[in-house]
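Sequence positions, counted from 1, serve as the residue numbers for this chain.
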Amino acid sequence: MNTWHGIPMKHVCYDVPNGNIVASNIIRDFLHTDFLLAANPFMVKIYKDTFKLHEIYQGKIIKEGYPRLDILYQFSREQVLQKLKKYGVHLDSSKKIILYAPTWRGVSYTDVSININDYYSLKKQLEQQIDTTRYQILIKVHQRVYEVAKEKLTENFIIPAMIDANEVLCITDILISDFSSIYFDFLTTGRPILFFIEDEDQYAEERGFYLGLNSLPGPHTDTISTLAKWINTIETIQDEYAEKYRSALEWSTGMWHNSIAKKIVDIIFRGQENKYHVIQETHIKKHILIHCGVVYVNGVFSALISLLNNLDYEHYDVSLMVCGAKTIEEKKLVNEINPNVRVLYRNSTYNATIMQEICLLYRYRHSIYNPNFSLLRDDFLRSYGNVSFDYAIDFEGYNRYFSSLLLQCPKAIKSIWMHSDMLAECDRIPGLENYFRIYQYFDRIVSCSKAAMSVNRKNLAGKYANYEAFRYTKNCVNPQKVFSMQKISEKRKYEGQIYIIENELQQQNFITGKLIPFIPPYDTYGNPNYRFITVGRPSPEKNHENLIYAFNKLKHEISNTYLYIVGSGPLYRRQQNIIQSLGLEKHIIMTGQINNPISIMKNCDCFILPSLHEGQPMVIHEARLLQMPIICSEFSSANDIKLNKGQYMIGTEQEDIYEGMKAFIDGKVPNNYVFDWDAYNKEACKEFIAAIT
């Protein structure tokens with residue numbers, strides 16, 4: 001059972017900034033539970049929508065209120081005063097108690113930034129303006145704040161974390177709060193509530209609210225003097241807000257009729273569910289679990305994002321496991337995943353005994369992929385609780401641990417993706433061929449194009465997997481991304497030169513920090529500049545070195561030629577050195593990793609992809625969305641990306657690449673093609689469903 005902790009006024013879980021990442025532990029905990037407690041229909045909706053438990057939660061939601069409300073009526077005033085005294089908080093039993101209980105304002109529990117003097121100052125200022133013969137002030141801070149601040153406390157008005165907040169509410173006569181859900185509990189007492197909110201605009205911008213300030217059961221202010229004025233006329237204020245108070249009480253804690261704890265015990269321990277409000281959903285959609293593993297700014301993740309933007313969410317419920325987002329760009333990618341997707345961000349490693357760890361290392365060393373391994377079974381349960389999936393997909397297709405973990409998914413049809421000519425990839429990735437042994441345990445082995453499937457099946461069927469297991473689906477394209485990036489890019493002068501920029505900020509090479517120059521369509525004499533571009537990480541299969549040498553030959557014949565190489569990878573420095581040795585620094589621009597490659601592509605004349613092998617390069621489709629002329633090499637799966645009058649095909653040798661670029665200058669590379677991306681995406685989604693089912 002998970003009792004949760006209150007009715008949220010401010011945004012929580014997936015609704016907060018960075019929500020797809022910060023939600024990780026919360027959702028994982030919920031997926032393990034048999035019962036969740038809800039105070040009201042609003043909280044049921046929060047569970048289903050905000051926490052995205054709709055369609056996946058296997059347990060039951062008990063809509064009978066929070067047991068902690070019982071505490072408000074279990075203790076006498078004298079009992080609570082004695083407990084406070086035991087912990088060093090001495091109160092005058094003849095005075096009324098004002099409790100100030102602010103919400104948590106930290107970003108991380110490990111990074112608490114609070115000045116305890118602010119609380120002293122607030123208390124002192126308030127006491128100067130109210131009748132202290134009638135009132136005394138206590139402050140209840142978040143337990144994490146108390147842990148950090150307790151060594152600095154010199155007075156006894158801050159309540160120790162060991163005392164439950166609801167115990168203090170028992171003896172509170174006036175509650176002062178802000179965005180804390182504590183005020184919902186206090187509503188059942190019928191006593192007045194005031195709101196002291198100094199950072200409404202900042203909180204609204206950074207966090208956001210479900211409930212507007214106009215719905216509060218009491219007045220709100222950002223000045224202590226106004227707060228004091230209300231305390232001095234509290235009976236009038238209480239009458240003025242009586243209707244809002246009643247309304248808030250009715251919808252938020254209307255289920256409360258004392259002895260909530262007894263109801264929960266009846267349901268959980270005595271099986272008396274039929275006597276109370278217990279909700280269990282009937283799931284009607286098919287459930288898909290996708291593993292993408294570590295987040296990288298690359299073609300694989302781009303293909304996944306495009307797929308997720310095109311799936312049929314009326315019939316399929318989709319959960320996505322990703323991890324390892326460290327950079328700002330990577331975190332941005334995770335948080336921009338289609339909101340219909342339930343991101344199950346993995347922010348921890350597995351738990352293992354020493355013997356399990358030894359066994360895992362032994363299996364890695366000897367490429368043993370028997371899925372019947374206790375560590376994997378335990379970790380799958382730890383990660384996904386009691387959820388039942390119909391289809392499980394290893395979309396990354398390169399991570400031996402996550403591939404093995406996915407095989408623990410019971411009853412699901414299991415698929416693993418191939419994003420390229422996998423045998424050819426063995427030249428780039430040491431040990432990859434041993435990884436192929438895991439294919440035999442998957443029901444579907446899916447290539448990202450029909451031609452790539454033919455190549456992979458020819459190379460791997462029989463030795464590593466059954467012939468019938470091989471399937472294919474082409475990657476979806478993401479026109480929204482391309483068109484939006486195209487709109488925000490522009491050119492600006494910067495210190496006498498023109499650079500490509502994005503959103504008022506100069507596009508920079510992430511490695512060198514240098515700005516990326518803009519090459520205009522014509523030189524100062526009105527002669528055309530021929531601007532080529534390729535996008536892809538500098539690695540062997542992209543064949544950039546042959547491209548550089550071919551361009552060098554072209555440059556000696558036609559001086560007004562330029563080449564952008566967009567991306568960062570293992571051969572970045574090596575290629576940069578080759579460019580320098582050929583004296584081409586002003587004509588070949590290596591941009592490194594950038595936020596918006598579209599801003600450069602749209603300012604170039606021709607896209608070229610000279611790869612030795614590919615699966616289905618998404619950048620070709622992005623170039624087509626920009627209606628660019630395209631030069632493409634005849635790699636093994638190239639047939640699946642060909643379009644009528646949509647490209648100029650070449651070989652992969654230096655002379656072939658030179659001939660292709662020369663053909664563009666001579667007007668032989670077509671660009672009068674039609675690319676119906678909507679029809680293309682619909683067909684790709686049909687292929688995807690056919691591949692995994």
Side-chain angles (χ1 to χ4, degrees), residues 55-56 283-293 299-322 337-338 340-344 369 371 380 383-384 387-399 402-420 422 435-436 438-457 460-461 464-478 615-616 618 637 640 680-693:
E55 271 294 332
I56 195 174
H283 302 153
I284 60 174
K285 298 181 182 180
K286 292 292 186 179
H287 296 82
I288 301 175
L289 171 64
I290 302 177
H291 270 203
C292 192
V300 172
F301 203 80
S302 176
L304 176 63
I305 294 295
S306 299
L307 170 66
L308 296 175
N309 284 338
N310 287 280
L311 287 181
D312 176 10
Y313 293 102
E314 288 189 12
H315 295 91
Y316 295 96
D317 176 85
V318 181
S319 299
L320 173 68
M321 187 283 285
V322 293
I337 290 170
N338 190 295
N340 289 298
V341 176
R342 181 185 304 101
V343 177
L344 303 176
Y369 293 105
F380 191 88
S383 301
Y384 305 113
V387 180
S388 176
F389 296 102
D390 298 288
Y391 309 104
I393 299 168
D394 178 5
F395 195 85
E396 181 187 18
Y398 291 99
N399 188 302
F402 290 141
S403 298
S404 301
L405 182 64
L406 195 74
L407 290 171
Q408 303 301 307
C409 190
K411 300 179 182 179
I413 296 175
K414 304 171 187 67
S415 305
I416 187 169
W417 247 241
M418 294 177 165
H419 294 281
S420 186
M422 297 303 288
Y435 176 70
F436 296 162
I438 203 170
Y439 290 158
Q440 62 183 301
Y441 300 107
F442 282 88
D443 304 297
R444 310 284 186 261
I445 304 170
V446 184
S447 296
C448 56
S449 69
K450 187 175 183 179
M453 179 197 70
S454 298
V455 172
N456 286 322
R457 185 159 55 187
L460 304 175
Y464 296 108
N466 292 329
Y467 183 91
E468 295 77 15
F470 287 83
R471 304 287 183 92
Y472 74 90
T473 172
K474 55 177 163 278
N475 291 324
C476 291
V477 298
N478 193 345
Q616 190 195 27
M618 297 307 300
S637 59
D640 278 347
Y680 172 92
N681 277 344
K682 288 177 180 177
E683 184 179 358
C685 284
K686 288 181 181 179
E687 291 178 354
F688 170 78
I689 297 302
I692 68 171
T693 56

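- Distance check: L289 CG to R342 CZ gives 10.0 Å after rounding to the nearest 0.5 Å.
- The residue from K411, K285, H287 that alone fulfils the side chain to side chain contact (heavy atoms under 4.5 Å, CB included) condition with D390 is H287.
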Handout entry: Full working for side-chain contact (heavy atoms from CB on, under 4.5 Å) between V477 and N681
Key = CA-CA 7 Å; V477 298; N681 277 344; 3.4 Å; yes
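- You'll find the side chain of Y391 reaches within 4.5 Å of the side chain of K286, heavy atoms only.
- Under the salt bridge (charged side-chain N to carboxylate O under 4.0 Å, His left out) criterion, E55 pairs with no residue, sequence neighbours left out.
- The distance from the OG1 atom of T473 to the NZ atom of K686 is 12.5 Å, given to the nearest 0.5 Å.
- Note that CG of L304 and CD of E396 are 10.5 Å apart. Values are rounded to the nearest 0.5 Å.
- No side-chain heavy atom of W417 sits under 4.5 Å from any side-chain heavy atom of V300.
- In this structure, OG on S302 lies 11.5 Å from CG on L307, to the nearest 0.5 angstrom.
- Looking at N475, its side chain never comes within 3.5 Å of a backbone N or O of A684 through a donor-acceptor pair.
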Exercise for the section: Dump the intermediate steps for side-chain contact (heavy atoms from CB on, under 4.5 Å) on Y441 and L407, then the final yes or no. Expected result: CA-CA 7 Å; Y441 300 107; L407 290 171; 3.7 Å; yes
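- A donor atom on one side chain and an acceptor atom on the other are found under 3.5 Å apart for S403 and Y435.
- Contact record, F380 with P410: CE2-CD, 4.0 Å, taken as the closest heavy-atom pair.
- One N or O on the side chain of Y313 and one on the backbone of L308 form a donor-acceptor pair closer than 3.5 Å.
- Remark: the backbone N or O of G615 is paired with a side-chain donor or acceptor of S637 at under 3.5 angstrom.
- Between F402 and N399 the shortest heavy-atom distance is N-OD1, 3.0 Å.
- Considering all non-hydrogen atoms of both residues, M418 and I445 come closest at CE-CG2, 3.2 Å.
- Applying the ring pair (Phe, Tyr, Trp, His ring centres under 6.0 Å) rule to Y439 yields the partners F436; only residues at least two apart in sequence or on another chain are considered.
- Counting all heavy atoms, side chain and backbone alike, M453 lies closest to F470 at SD-O, 3.7 Å.
- One finds no salt bridge joining E687 and K450 here, because no Lys/Arg side-chain nitrogen approaches an Asp/Glu carboxylate oxygen to under 4.0 Å.
- Using bins of under 30°, 30° to 60° and over 60° for the plane-to-plane angle, the ring pair F389/Y384 lands in the perpendicular bin.
- In plain terms, the two heavy atoms of H315 and D312 that are nearest each other are ND1-OD2, 2.5 Å.
- N338 contributes a side-chain N or O that, together with a main-chain N or O of N340, makes up a donor-acceptor pair within less than 3.5 Å.
- The main-chain N or O of I413 is never found under 3.5 Å from a side-chain atom of D443 such that the two would form a donor-acceptor pair.
- The aromatic rings of Y398 and H419 lie parallel to each other, their planes meeting at an angle below 30°, with 60° marking the opposite boundary.
- Going from atom CD1 of I416 over to atom CZ of F442 covers 4.0 Å, rounded to the nearest 0.5 Å.
- Side-chain N or O atoms of R444 include one that pairs as donor or acceptor with a backbone N or O of T693 at under 3.5 Å.
- Proximity of a side-chain donor or acceptor of S449 to a complementary backbone N or O of K474 within less than 3.5 Å is not detected.
- Distance alone, capped at 3.5 Å, places no donor-acceptor pair between the N309 side chain and the N478 backbone.
- With values rounded to the nearest 0.5 angstrom, F688 atom CZ is found 5.0 Å from I288 atom CD1.
- Residue L406 comes nearest to S415 through the heavy atom pair CD2-O, 4.2 Å, listed as atom of the first residue, atom of the second, then distance.
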Handout entry: From CA spacing to verdict: side-chain contact (heavy atoms from CB on, under 4.5 Å), F395, L320
Key = CA-CA 10 Å; F395 195 85; L320 173 68; over 6 Å; no
